[in-house]
Protein chains: 2
Amino acid sequence: MSGGSERRGAGEGTGGQADRRVRADAQRNMDALLRTALAVFATSGVDAPVREIAERAGVGVGTVYRHFPQRSDLIAAVFRREIDACADAASLLAAEYGPFDALAQWMLRYVDFVSAKRGLAAALHSGDPAYEALPAYFDQRLRPALQGLFDAASAAGAIRTGAKPNELLRAVASLCTAAHDVGPDYARSMIGLLLDGLRYGAAGSA
Amino acid sequence: MSGGSERRGAGEGTGGQADRRVRADAQRNMDALLRTALAVFATSGVDAPVREIAERAGVGVGTVYRHFPQRSDLIAAVFRREIDACADAASLLAAEYGPFDALAQWMLRYVDFVSAKRGLAAALHSGDPAYEALPAYFDQRLRPALQGLFDAASAAGAIRTGAKPNELLRAVASLCTAAHDVGPDYARSMIGLLLDGLRYGAAGSA
DNA sequence: CGAATATACGGAACTATGTTCCGTTTAGCA
DNA sequence: TGCTAAACGGAACATAGTTCCGTATATTCG
């Protein structure tokens, strides 16, 4: 019943606290829950009991359900947080490495993301409305992140121009899925190949 | 029976009674369960409660678990039965239609199969050991079925030779998955295209 | 045909897990 | 410090998978 019409919150992102400030303990518990859930999901899969997550996070189940009305909301929140982390890594890497290396490093980071989230990816197709917005969010955050790295790299003449971030993201995700049945290094070497492909017709190379 | 694991008798099909004959009521209940489960899964998805299936089939839950020790065993059995039905359709169609039409009709039949089983397909990746043998069974039954139609059609000069059943099966499955996000006719028209492609270089055409 | 017996049946009971409820605690504020 | 809205915790409830066991019956055998 009730349904997810009132699914606001959690995603304000840009840091506006419209009404009353969130209580510090609430914020703390929320963080602890997300961090713990991530770890538990990694260990026991997304089907891990809510009780276990609550206990390991040091809160009661009531608190879990206060922040995440449904179990799937918690999963979705964890997923979003991971998407954010992966997207944010782009600017960090851009600051630390040169244009091409930043791109290469980020691709590896993305491989880790996709590989670790295979269980979650399956849940996405379950039809639960809590997951409906995730693909869009995925695109909204990850595509610009990769686009930025592309732009920087091609501006520096390190890679060819005109590469499509979406296609790369999808291709890598497919490769990672297939990689599960093969070896763990398979994906990495294929990504290396893709990157070399991008370099091939670059302004600075030929 | 060709089916992998030693899941006890049940191989009634050709009427062979190995040891003690299965009790008639047991056989009846087994059939009713499989038929009911198929209907319930189609209506409520694979997550439908076992109780509901039992009730609708007119048996107690104990009977369900006697035949299918785990819920996933029931799902797997339904899946196998559908694979069988789809594979058996090949020879039926081959007897009723000409070589090419039989192939075309079967592809449509296969599209229905894949489309209807999308929910089950998701379950396949859950890691439940009950599903482990299904991909192999899928291949074992469907590939020869399609191969037979291919052989007949190419022997009649209706299609080119050398087509790979596996690739076609996989391609159609992919198309159907994508079709879910688009329209219901999309898959059918793409399959038509594939079939025309097979006809293109046929002995009898050029 | 009727008794004997292995087999199967049904559903209550047990367990696990998602979700709700509500009395208690506490952070933030005046 | 005292007040209050917000948050907390976990018992209680609801639902669903699974087990157990007394009862029913198909099949066999005399």
Distance in angstrom units between [X] [atom1] and [N] [atom2], rounded:
| X | N | atom1 | atom2 | answer |
| --- | --- | --- | --- | --- |
| A:Asp47 | C:dA16 | CG | P | 16 Å |
| B:Asp73 | D:dT18 | CG | C1' | 12 Å |
| A:Arg56 | D:dG10 | CZ | P | 18 Å |
| B:Glu55 | C:dA12 | CD | P | 12 Å |

Among A:Gln27, A:Arg28, A:Arg23, which residue meets the side-chain hydrogen bond (donor to acceptor under 3.5 Å, both in side chains) test with A:Asp25?
A:Arg23

Quick one: does NZ or CZ of B:Arg80 land under 6.0 Å from the six-membered ring centre of B:Tyr137, within 45 degrees of the ring axis?
yes

Just to confirm, is there a sub-4.0 Å distance from OP1 or OP2 of D:dT18 to any side-chain nitrogen or oxygen of B:Tyr65?
yes

Please determine whether a side-chain nitrogen or oxygen atom of B:Gln70 lies at a distance below 4.0 Å from atom OP1 or OP2 of D:dG17.
no

Contact nearer the 5' end of DNA chain D, comparing B:Arg28 with B:Ser72:
B:Ser72

Can you tell me if A:Gln140 has over 12 outside heavy atoms packed within less than 6.0 Å of its CD?
yes

Ionic contact status for A:Arg199 with A:Asp196, cut-off 4.0 Å:
yes

Ionic contact status for B:Lys117 with B:Asp112, cut-off 4.0 Å:
no

Mind checking whether A:Tyr110 and A:Phe138 have parallel, tilted or perpendicular rings, split at 30° and 60°?
tilted

Between the protein and nucleotides 7-9 of chain D, are there any N/O to N/O pairs under 3.5 Å, and if so, what are the atom names and distances?
residue : atom : partner : partner atom : Å
D:dA7   : OP2  : A:Arg66 : NH1          : 3.1
D:dC8   : OP1  : A:Asn29 : ND2          : 2.3
D:dC8   : OP2  : A:His67 : NE2          : 3.3
D:dG9   : OP2  : A:Gly60 : N            : 3.0
D:dG9   : OP2  : A:Thr63 : OG1          : 2.5

